[in-house]
Structure formats: structure tokens, C-alpha cells
Protein chains: 2
Amino acid sequence: MTQTFEQWCGDLEARLSRNQQRLTPQRRLIARVLHGHDGHVNVDDLHQLVRRKDKSVGYATVYRMLKLLEDYELVQTNTFVDGTARYEIASKHHSHHDHLVCKECGTVVEFENEEIERLQELVAAQLGFDLVDHKMVLYGRPKLGTCCAKH
Amino acid sequence: MTQTFEQWCGDLEARLSRNQQRLTPQRRLIARVLHGHDGHVNVDDLHQLVRRKDKSVGYATVYRMLKLLEDYELVQTNTFVDGTARYEIASKHHSHHDHLVCKECGTVVEFENEEIERLQELVAAQLGFDLVDHKMVLYGRPKLGTCCAKH
DNA sequence: ATCCTTGCAAATTGTTTGCAGCTAG
DNA sequence: CTAGCTGCAAACAATTTGCAAGGAT
């Protein structure tokens, strides 16, 4: 279930104004670019993309915006590709997914698995916790010599 | 199933000499401290601990040693506590475990779950991969107001 | 007028590297 | 002697921060 930019940005604006913060043109632009991207952007690329629309936007603004979105849980941060932070939009209206990384070529595949999620809740419960969030990354080698994307 | 330091260090020495590398006093010391620690050490603390035994050991040596151990898969690296790298010994003789982090106080709890591991292999297989490795971190909030360790 | 936000540059943090000297084989 | 290893300091990369100026309420 995907969410339109307007909906997502509405969430953002609500959160911002609740904290007497503003949805400035720069922030809206960054939000739009991020929402349009298919995920796993790093800061550098995001900054580049934003600059294609507005040369004046600075690096720090992108970082600060991402931090905001992170705090508001409107993006999900990953570091599994190459250690540097990568971002994808997230919200309760987007269904949760996890990632599998190909050890051969680095391609990232997304997947969902209800069963595992259920077991994770169970495990947490057994340890005395309510499961709030989780990160799971699988690392695989492609079967049959055929690789996911490249080669 | 835990492994003695001697066994683990044997593995290390074997790997090293296979690559005409040496188990120097510094490296042995770092190995010993690391093996004695109960896990999730960061480089800084490890360096401190090592220095309590030998003031002369430098920061870079610790980093280089950890990289070695990582390459040889004799340590497992985590970054989930605060983003900086933390290490714990690992080997085929140590059973695999995953982590749950308390959102309240940051305490890390370890657990194992056969069922989830099986499902992970299944998911990978369905996507056309052989599962090589995985990382899973659960984030939880303690039930009943009682918290894991602190407070 | 106040307070949030911005871009820039400088600062910080975590980690890696170059190098001259040292050490084991 | 050769090759690996060390400590130190400098280099690096990713991210954060201080600050003076700009803009919204």
C-alpha cells in the first residue's frame, strides 16, 4: 500500500507545525525528491538530485532535513550497502519490508515475510519486551551461477 | 557451546601463518582481551583495556587487528548500539545469536531462534539465493514498566 | 522583534594510511 | 637481508556544528 506524496508530506507538515517548525521550500523540495526516489539514496546523491532543481540548497540542509525525517520516523535509515547511510521513505501507511543483499554484486532485493515478523514479536515478548521496530538484512549468494542484476 | 581462548587463538594462528602473517605479542594480547570480554566492545574501550596490560600498543594496531579478525571471520562486527563499530568474538564453534536492543536504556539482549533462521533460509531460497549470513536486530520497549537493567 | 532556517566553512568523529624504525626468520 | 609489524602522525570521509544573514509570523 503506497502513499501519495501529498499524504506523506501532510504527515510531515503536521509534525513540523506541532513543533513550531516550518515546511520551507528547501524542505519541501528535499521531501519531494526523496519521495520520488525508489529508495536507498545516500546523502550525496540526494543532494545532487535536489540541486538539479535548486542549486542553492546546501549540504547541511539535506543532513538536517534527513535527521528531522528520521526523528519523525518518516524515513528509514540503512547502512548495510556500504556502511554509509542510505534513506528510504517510510510511514505506517507503507508496508514494512526487509532486505536481502547479494554478496556477489551488492544488489538489494526487498521482501516481506509475515511469519518472521510474527516470530520476532514472539521472541521479543518472551524476553519481556514489546517489539517496537526491527532491522533484518539477509546476505545471499545467487543460486545456479545466475546473478540478480549485473554480470 | 563456548570455545576456550586457546582453541580460538589456534584458529587465528593457523589463518595467520597460512598467509605468512605473524601472531605478534600485540596481536595475541588484543586477541586475549577481546576473547575475555563479554562482547560489544568498541575500539576505544578495547584499546584502553589492552593498554592496561601494555601501554605501548597503538590505536592503529587495534584497528588493524580487528580488520584482520573480521576478514578471518573470527569476530562479528555490529553497529546497532550507537552507530560506531562494536565487536564480539565469533567462530563456527560459537552458536549464532541475534540481538534485541532496549529502546529505553540501550541494554542489549542476545537470543537465538531456530525457527526464524529456518524461515530466513526459506525466504532467501525463494528469491533465488543461498543464505550466507544475516543480521537481525529487534528494538523493544520493556513490558510492565520494568526495565532490563538500569532505572 | 522574535524565532526558525539557511548556506557556508570550520570542527568533530571514527577510521585508514604512509612512513621510518624494529623484529623475527 | 627480507618481509611483516609497529607506533606515530597525518590523511580521510561522513556527519555535525557555529555563526551571521535571511525570512516568516
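Computation of the quantities below employed the complete heavy-atom set of this structure, encompassing side-chain atoms and omitting hydrogens, waters and symmetry-equivalent molecules. A note on names: the letters A, B, ... follow the listed sequences, proteins ahead of strands, and every chain is numbered from 1. Source: prediction; values computed, not measured.
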With [X] via salt bridge (Lys or Arg N to Asp or Glu O under 4.0 Å) - residues at least two apart:
X	answer
B/Arg141	B/Glu104
B/Arg15	none
A/Asp38	none

Please give, in whole Å, the distance from [N] [atom2] to [X] [atom1]?
X	N	atom1	atom2	result
A/Lys67	D/dT15	NZ	C1'	9 Å
A/Leu66	D/dA14	CG	C1'	13 Å
A/Leu68	C/dT5	CG	P	7 Å
A/Glu70	D/dT15	CD	P	10 Å
B/Asp71	C/dT16	CG	P	11 Å

| remark: Contact string for nucleotides 8-14 of chain C, one letter per nucleotide 5' to 3', B = base within protein heavy-atom range under 4.0 Å, S = sugar-phosphate only, - = neither, reads B-----S

Ignoring hydrogens and angles, write down the donor-acceptor pairs under 3.5 Å from the side chains of residues 63-72 of chain B, residues two or more places apart or on other chains.
residue : atom : partner : partner atom : Å
B/Glu70 : OE2  : B/Thr77 : OG1          : 2.6
B/Tyr72 : OH   : B/Gln21 : OE1          : 2.3

| Got a sec, which residues hit side-chain hydrogen bond (donor to acceptor under 3.5 Å, both in side chains) with B/Asp54, two or more places apart in sequence or on another chain? |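 Result, side-chain hydrogen bond (donor to acceptor under 3.5 Å, both in side chains) vs B/Asp54: B/Ser56.
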
| said: According to side-chain hydrogen bond (donor to acceptor under 3.5 Å, both in side chains), who are the partners of A/Arg32, at least two apart in sequence or on a separate chain? | reply: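 Result, side-chain hydrogen bond (donor to acceptor under 3.5 Å, both in side chains) vs A/Arg32: none returned.
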
| query | Are B/Tyr139 and A/Leu131 connected in the hydrophobic side-chain network, where two residues link if heavy atoms are under 4.5 Å apart? | reply |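 No, B/Tyr139 does not connect to A/Leu131 through the hydrophobic network.
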
| Shortest non-hydrogen contact between A/Gln3 and A/Gln7, atoms and distance |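 So the two residues come closest at CG-OE1, 3.2 Å.
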
| said: Contact list please: residues 21-29 of chain B against DNA chain D, heavy atoms, distance less than 4.0 Å, in numerical order. | reply: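 Of all residues in residues 21-29 of chain B, the ones placing a heavy atom under 4.0 Å from DNA chain D are B/Gln21, B/Arg22, B/Thr24, B/Gln26, B/Arg27.
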
Just distance, no hydrogens or angles: give the donor-acceptor pairs under 3.5 Å from side chains in residues 23-31 of chain A, sequence neighbours left out.
residue : atom : partner : partner atom : Å
A/Thr24 : OG1  : A/Arg27 : N            : 3.2
A/Arg27 : NH1  : A/Arg22 : O            : 2.8

Pairs under 3.5 angstrom only: tabulate donor-acceptor contacts from the side chains of residues 108-127 of chain A to other protein residues two or more places apart or in another chain.
residue  : atom : partner  : partner atom : Å
A/Glu110 : OE2  : A/His97  : NE2          : 3.3
A/Asn113 : OD1  : A/Glu115 : N            : 3.0
A/Asn113 : OD1  : A/Ile116 : N            : 2.8
A/Glu115 : OE1  : A/Arg118 : NH2          : 3.4
A/Gln120 : OE1  : A/His134 : ND1          : 3.3

| For DNA chain C, the residues among residues 30-48 of chain A that have a non-hydrogen atom under 4.0 Å from it |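 Going residue by residue through residues 30-48 of chain A, none turns out to have a heavy atom under 4.0 Å of DNA chain C.
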
| field | Contacts of B/His47 that satisfy ring-ring contact (aromatic ring centres under 6.0 Å, His included) - sequence neighbours left out | value |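 Counting only residues at least two positions away or on another chain, B/His47 forms a ring-ring contact (aromatic ring centres under 6.0 Å, His included) with B/Tyr59.
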
